[in-house]
Amino acid sequence: MPELPEVETVRRGLEPTVLGAKIRHVTVRRADLRFPVSPDLGQRLTGATFTALERRSKYLLFSTDRADVLLVHLGMSGRFVLNSATEGALDPQTRSAPKTALGSGPGAGLGGHLKHDHIVMDLEPGHRLVYNDPRRFGSMEILEQTALSSSPRLKDLGPEPLGPDFTQQHLKTCFVKKRSPIKAGLLDQRHVAGLGNIYVCESLYRAGIAPTRACCDLTDQELNRLVPAIQEVLTEAIAAGGSSLKDYVQASGELGYFQHRFAVYGREGQACPGCDCDKRIQKITQSGRSSFYCPKKQI
DNA sequence: CAAAGTCCCTGGGGGC
DNA sequence: TGCCCCCAGGGACTTT
């Protein structure tokens, strides 16, 4: 599930290829993603050049020299696949025909599509950038640069957890009258942007705070632990993704998300690492979502 | 207004 | 082996 570290890892993986690349042709094979793909997406991208690739929260922002921004969310299962004309790799399990190298014209390689390849961008020189998303929880929209900050997708997002505005004082202000559990508080993108279920569980474990605690009941001391816990968990996950990036960009060209070794997430019934707890890691449901925690270490 | 619930979607895994 | 059911999750939307 792509949360901030996975999106950042994808960004770093794509950046060398995308920066300065001219878009030769765009094919929208399915427009019914989480939100409808912008109807004029192909027209506005074709002939433009990517000038920057940035991340905000879990969004990727591809800027172009036409003052447009391609805003992408990977949802649950969204991936980018990068095909290089020189590599010509193929996935024998899922692809019936070899990937077609560029050079045979826009839209070439009709037999080379994977299932769930929804948007195909042919780039110059010699690359093909494919957005693949089985569950179609992702989105792809094009906006004017000037409209970005007021767009409904971004306008209510809280600070970047690895940026200067994410402080214990900020959280204290957010949480002073908030009675919902801290698990929900940290998943709320208005308070801090980019955390999902996995990294909220991991951060609360590291900070020693039970996910059931009310936001407004956290002490200053706990908030002072929570902020660096979040920052450390994210930084380590990004570093782990980054250090394995060359493996992570597989021969097939697929940019998946790095599988991190989690302390609590998905480890119900196991002993938590470095803890002598006898209770083992518990799984509970909070507002329809699984929380994993150690009842001894997290109070 | 806050908080909790619902829905979208598909692949994968467990149970029988 | 095959089939069915449930689960995973972000975020917009609906209900309480």
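Sequence lines set the chain letters: A, B, ... in the order given, protein chains first and strands last, and positions in each chain run from 1. Computed from a prediction, not measured in an experiment: that's the story for all the values here.
A distance-only check finds no donor-acceptor pair linking the side chain of A/Asn83 to the backbone of A/Arg128 [under 3.5 Å]. With hydrogens and angles ignored, the 3.5 Å screen pairs no side-chain donor or acceptor of A/Glu124 with any backbone N or O of A/Arg24. Counting only distance, with no hydrogens or angles, the side chain of A/Arg66 and the backbone of A/Arg44 share a donor-acceptor pair below 3.5 Å. Looking only at distances, no side-chain donor or acceptor of A/Lys172 sits under 3.5 Å from a matching main-chain atom of A/Leu218. In this structure a side-chain-to-backbone donor-acceptor pair under 3.5 Å is present from A/Gln189 to A/Leu187.
The nearest whole Å value for the distance from the NZ atom in A/Lys58 to the C1' atom in C/dG11 is 9 Å. If you take CD of A/Glu141 and P of C/dG11, they are 13 Å apart, rounded to a whole angstrom. One interatomic measurement links the two molecules: CG of A/Leu74 to C1' of C/dG10, which rounds to 11 Å at whole-angstrom precision. Straight-line distance from the CG atom of A/Leu4 to the P atom of C/dG11: 11 Å, rounded to whole Å. A straight line from CG of A/Leu187 to C1' of C/dA12 spans 15 Å, rounded to a whole angstrom. Taking atom CZ of A/Arg56 as the reference point, atom P of C/dG10 lies 17 Å away to the nearest angstrom.
Put simply, A/Gln189 has no side-chain N or O that comes within less than 4.0 Å of OP1 or OP2 on C/dG10. Residue A/His73 places no side-chain N or O under 4.0 Å from the OP1 or OP2 atom of C/dG10.
Contacts between chain A and DNA chain B, taken as any atom within less than 4.0 angstrom of a protein heavy atom, begin and end at B/dA3 to B/dG11.
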Report all interatomic pairs (protein N or O, nucleotide N or O of nucleotides 6-8 of chain C) with separations under 3.5 Å.
unit_1	atom_1	unit_2	atom_2	d
C/dA8	OP1	A/Lys283	NZ	3.2
C/dA8	OP1	A/Ser290	OG	3.0
C/dA8	O3'	A/Tyr265	OH	3.2
C/dA8	N3	A/Arg135	NH1	2.9

Considering only nitrogen or oxygen atoms on both sides, find all protein atoms under 3.5 Å from nucleotides 13-16 of chain C and state each distance.
none

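Across A/Ser139 and A/Tyr131, no two heavy atoms sit closer than the pair N-OH, 4.3 Å. Contact record, A/Leu186 with A/Val192: O-CG1, 3.8 Å, taken as the closest heavy-atom pair. The shortest heavy-atom contact between A/Pro159 and A/His191 is CD-O, 3.4 Å.
When heavy atoms are screened at a 4.0 angstrom cut-off, A/Arg179 is found touching the sugar-phosphate backbone but no base atom. Across all strands, A/Gly75 comes closer than 4.0 Å to no nucleic acid atom at all (heavy-atom distances).
Atoms OG1 and CD, from A/Thr51 and A/Gln145 in turn, are 7.5 Å apart once rounded to the nearest 0.5 Å. We find the OG1-CD distance between A/Thr173 and A/Gln168 to be 8.5 Å, quoted to the nearest 0.5 Å. Here A/Glu144 contributes atom CD and A/Ser151 contributes atom OG; the two are 12.5 Å apart, rounded to the nearest 0.5 Å.
Of the two residues contacting DNA chain B, namely A/Arg30 and A/Lys178, the nearest-nucleotide position lying further toward the 5' end is that of A/Lys178.
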